[in-house]
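Can you read through this structure? Questions will come right after.
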Amino acid sequence: MAAQTDRPLDQFEDFFPIMADKLGEEGLMQELCNGFQLLMDPALGLITFESLKRNAALMGLDGLGDDELRMMIREGDLSGDGALNEEEFYILMVRLSPELMDGPRRWLDDAFQQAFGFELGLDH
């Protein structure tokens with residue numbers, strides 16, 4: 001059995017912060033939008049299990065099994081409708097890469113230090 005770090009989703013998680021750094025905020029949002037468009041069911045405007053399974057290879061996720069794809073949908077489905085809308089998809093992608101928040105945490109900590117003379121301790 002392959003180690004968990006060899007899973008396609010784990011490789012995406014590791015690559016996502018690098019992609020964010022290279023593309024910047026606007027470029028990252030455009031790429032997320034493109035990813036959503038690739039994975040969604042065009043008739044519904046949502047990412048369903050079926051559309052994710054059909055298009056997973058386009059995102060390098062073709063190594064994931066049905067259970068893992070269903071788990072991705074469940075994990076990101078905040079509304080409970082069994083599919084991902086665009087907002088849920090964006091939130092899921094960011095949740096899968098908590099490193100994306102390291103920079104903003106440091107900026108917020110620095111801002112509090114400058115404004116109020118204390119750190120929030122968010123970068124630890």
Side-chain angles (χ1 to χ4, degrees):
M1 180 174 211
Q4 189 168 355
T5 55
D6 293 337
R7 303 300 307 208
L9 186 57
D10 292 329
Q11 293 169 4
F12 172 78
E13 290 175 35
D14 293 341
F15 182 69
F16 198 64
I18 296 167
M19 188 172 83
D21 283 343
K22 290 187 181 282
L23 295 173
E25 183 179 326
E26 218 172 283
L28 177 62
M29 290 309 295
Q30 184 60 50
E31 285 303 309
L32 284 174
C33 182
N34 292 343
F36 180 81
Q37 297 295 320
L38 282 172
L39 295 173
M40 77 169 189
D41 178 320
L44 299 173
L46 300 169
I47 297 174
T48 63
F49 166 73
E50 293 79 14
S51 71
L52 182 59
K53 183 175 179 170
R54 184 173 50 250
N55 298 312
L58 298 172
M59 300 292 285
L61 302 175
D62 49 333
L64 296 178
D66 287 359
D67 289 340
E68 293 163 310
L69 295 174
R70 282 188 181 95
M71 187 171 48
M72 283 181 68
I73 296 288
R74 277 193 306 273
E75 186 174 333
D77 181 17
L78 302 175
S79 65
D81 64 357
L84 301 179
N85 63 32
E86 206 164 351
E87 182 179 323
E88 290 169 329
F89 174 73
Y90 295 158
I91 291 169
L92 178 62
M93 293 299 99
V94 171
R95 281 180 47 213
L96 290 174
S97 290
E99 300 86 20
L100 284 178
M101 295 308 295
D102 288 347
R105 283 188 191 105
R106 282 191 295 277
W107 300 328
L108 184 59
D109 220 16
D110 291 346
F112 265 81
Q113 174 65 34
Q114 290 175 5
F116 304 110
F118 66 90
E119 292 182 6
L120 296 173
L122 298 174
D123 60 346
H124 304 287

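The analysis underlying the following values was restricted to heavy atoms, covering all of them including side chains, and did not include hydrogens, waters or symmetry mates. In this chain, numbering begins with 1 at the start of the sequence shown.
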Quick one: CG on N34 to CG on L58, what's the gap to the nearest 0.5 Å? 12.0 Å
Sequence-distant partners of E86, salt bridge (charged side-chain N to carboxylate O under 4.0 Å, His left out), two or more places apart: none
Return the minimal non-hydrogen interatomic distance between F89 and L32, and the atom names on each side. CE2-O, 3.3 Å
Please check if F36 and I91 belong to a single hydrophobic cluster, counting links between Ile, Leu, Val, Met, Phe, Trp and Tyr side chain heavy atoms closer than 4.5 Å. no
Only residue of T48, L78, D77 satisfying side chain to side chain contact (heavy atoms under 4.5 Å, CB included) with L84 is D77
Decide yes or no for I73 and I47: does some side-chain heavy atom of the first lie under 4.5 Å from some side-chain heavy atom of the second? yes
Does S79 offer a backbone N or O that forms a donor-acceptor pair with the side chain of E88 under 3.5 Å? yes
Please indicate whether Q37 has more than 12 foreign heavy atoms, meaning atoms of other residues, nucleotides or ligands, lying under 6.0 Å from its CD. yes
Are side-chain heavy atoms of L46 and M40 found at a separation under 4.5 Å? no
Does some side-chain heavy atom of M72 sit less than 4.5 Å from a side-chain heavy atom of L64? yes
According to the salt bridge (Lys or Arg N to Asp or Glu O under 4.0 Å) rule, which pairs have a member within residues 37-57, sequence neighbours left out? K53-D66
